Amino acid sequence: MGLRWPAIPVGQPVRDYLLTLCVTAAVTYLLTGPVRKFAIATGAMPEIRARDVHREPTPRLGGIAMFFGLCAGLLVADHLQNLNSVFELSNEPRALLSGAALIWLIGVLDDKFELDALIKLGAQMISAGVMVAQGLTILWLPIPGVGVVSLTPWQGTLLTVALVVLTINAVNFVDGLDGLAAGMVCIAAAAFFLYAYRLWYGYTIEAAAPATLFTVILMGMCLGFLPHNMHPARIFMGDSGSMLIGLILAASAISITGQVDPDALKIFEGSTRQATHAALPVFIPLVLPLTIIAIPMADLILAIVRRTWKGQSPFAADRGHLHHRLLEIGHSHSRAVLIMYFWSALIAFGTLAYSVHSASMWIVLCVVALSAIGLVLLLLPRFTPRAPRWAQSVVPPRYRRRRPAPVVAVAAEPAVVEEERIPVPAGLHGSTAIGNRARFTDRRKAGTPS
């Protein structure tokens, strides 16, 4: 039999978390508009690059609003009765805020001045070191069949820094379509929150409290920014936002992996085989927190391999990311984003469901069935099925049967000389240009008789 987790208690703690989430989302949402005007005024609108999919310059610096949403969420949680203990018994919220402020400042400078990749990498390592110095680090690792392995300070520091850098760059790499990074991180944070909440209130493990708070604030930041960032985006989060949410997600994984003692779960009782089988669902989210962000991490690994194979720097930008490939297959911008959402949710919540009860075959069957649906969605542009005639009125227009156009006799008209339709350039920025918008030249100037 698999491990059955206790039921989640509801009541005052849930209301406190909901209030924290709403305040964080509201502050982020309300500040994004003024931040957009500030980004336009300061010129934080870089030119369109070859790898970009948008067609007009769009302001960045959305991470400014997200950072103030983080500060508002921590401030509100510090004054709530059921969440105040997180700040009294742990130094992790202060460690997170210190590292987040540093990585956010570097991101703001990069959005404005385009810093070198090595400078950003160094800033990511320093931010992780700041959190480690204040206690947010991996102390031990639970390994199936072995138990808890204690790490030396140097081992914990190196592993913590590596996890932070990998997660930040994974989120940064996937930030290529409108609303993609914020939505995927929000899905990952939701799965992490459910798992951490069960550990805290289900097993009364107070070491899981910081991760629970971090993930609910991260959800609020993403939800508050998404209305401004959905296609067509009015503002981008930039590196100031993508590196910030990547660091918070990594901090949540570090807190719940290296701070929670698996012995408190009482899973090493009975025979070795029973203990190993019972511990397996618990170890999956603990030892492999990167499964929650498996899609961004896969994109990161593929990008490094692809660029290194071509003799390029691993930090060189290209159009070979997963979301770019979805567009090349034929998916629209919105459909590509929704497909990435689907796979992220399937992996994150599938892992969560298996950790709750691994003995249920229905969970495996549901994951397999949803995976098949995901494969069909991926290959959808390869074929265009036609709906039957009785369903023509309820399916999208692209799946309806096209009726042949009626042939109508039209009187012959004088042929138009092709050279007369010479387009006039619209201007520097296409549809945003100011000036004469006439599309074709005057026929009289082309020699047409008056």
Side-chain angles (χ1 to χ4, degrees), residues 23-73 97 99-117 119-120 123-124 127 168-169 171-186 217-218 220-248 315 317 321 323 333-334 337 427-434:
V23 170
T24 305
V27 172
T28 304
Y29 176 80
L30 294 176
L31 289 181
T32 303
V35 167
R36 179 178 182 272
K37 296 180 180 180
F38 172 76
I40 296 175
T42 56
M45 299 175 60
E47 298 180 356
I48 299 178
R49 300 160 295 186
R51 69 178 186 270
D52 293 333
V53 297
H54 58 282
R55 298 183 178 181
E56 294 191 10
T58 305
R60 294 184 179 180
L61 295 178
I64 296 179
M66 304 180 78
F67 177 76
F68 283 103
L70 167 66
C71 296
L97 187 59
L102 179 58
I103 200 67
W104 169 76
L105 181 59
I106 296 298
V108 170
L109 295 176
D110 179 67
D111 289 341
K112 174 59 180 176
F113 302 107
E114 294 286 343
L115 301 180
D116 185 75
I119 296 179
K120 293 190 292 184
Q124 295 168 8
S127 301
I168 289 177
N169 285 280
V171 175
N172 193 18
F173 277 24
V174 83
D175 184 25
L177 296 180
D178 297 348
L180 181 58
M184 293 182 66
V185 171
C186 184
I217 292 178
L218 183 57
M221 295 166 58
C222 296
L223 291 175
F225 185 72
L226 270 175
H228 299 273
N229 191 232
M230 294 301 293
H231 183 70
R234 303 179 69 248
I235 184 174
F236 294 150
M237 68 172 64
D239 284 355
S240 60
S242 61
M243 293 197 299
L244 175 63
I245 62 178
L247 181 135
I248 299 175
F315 302 98
H321 294 290
H323 49 271
H333 190 292
S334 300
V337 172
L428 181 61
H429 295 301
S431 61
T432 61
I434 301 177

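Any value given below was found using the heavy atoms of this structure, including those in side chains, with hydrogens, waters and symmetry copies removed. Being a predicted model, the structure only gives us computed values, none of them experimental.
Between Ile106 and Ala123, the shortest heavy-atom distance links the atoms CG1-CB, 3.6 Å. The minimum heavy-atom distance between Gly246 and Ile168, with the atom names listed, is C-CG1, 3.9 Å. When all heavy atoms of Val185 and Cys222 are compared, the closest pair comes out as CG1-SG, 3.9 Å. The two residues Phe225 and Phe236 make their nearest non-hydrogen contact at CZ-C, 3.7 Å. Heavy atoms only, all atoms of each residue included: Ser242 and Asn172 are closest at OG-OD1, 3.2 Å. When all heavy atoms of Val27 and Phe68 are compared, the pair lying nearest together is CG1-O, 3.9 Å.
In this structure the side chain of Met221 reaches within 4.5 angstrom of the side chain of Leu70, judged on heavy atoms.
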Name every donor-acceptor pair, under 3.5 Å, that has one atom in a side chain of residues 31-43 and the other anywhere in the protein, sequence neighbours excluded.
residue	atom	partner	partner atom	Å
Thr32	OG1	Thr28	O	2.5
Arg36	NE	Arg234	O	2.8
Thr42	OG1	Phe38	O	2.9
Thr42	OG1	Ala39	O	3.3

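Taken from CH2 in Trp104 to CD1 in Ile245, the straight-line distance is 15.5 Å, to the nearest 0.5 Å. Here the straight-line distance linking atom NZ of Lys120 with atom OG of Ser127 works out to 13.0 Å at 0.5 Å rounding. Taking OG1 of Thr58 as the start and CE of Met45 as the end, the distance is 6.5 Å to the nearest 0.5 Å. Separating the CE atom in Met237 from the CG atom in Leu244 is a distance of 9.0 Å, to the nearest 0.5 Å. Note that CE of Met230 and OG of Ser334 are 6.5 Å apart. Values are rounded to the nearest 0.5 Å. The CG atom of Leu226 sits 11.0 Å away from atom CG of Asp178, with the distance rounded to the nearest 0.5 Å.
With Val108 as the fixed residue, the side chain to side chain contact (heavy atoms under 4.5 Å, CB included) test singles out one of Leu61, Asp239, Ile103: Leu61.
A donor-acceptor distance shorter than 3.5 angstrom exists from the side chain of Asp110 to the backbone of Leu115, with no hydrogens or angles considered. Asp175 places no side-chain N or O within donor-acceptor distance of the main-chain N or O of Ala181, the cut-off being under 3.5 Å.
Ring geometry, Tyr29 versus His228: the interplanar angle falls from 30° to 60°, so the pair is classed tilted.
Among residues two or more places apart in sequence or in another chain, the side chain to side chain contact (heavy atoms under 4.5 Å, CB included) test is passed with Leu30 by none.
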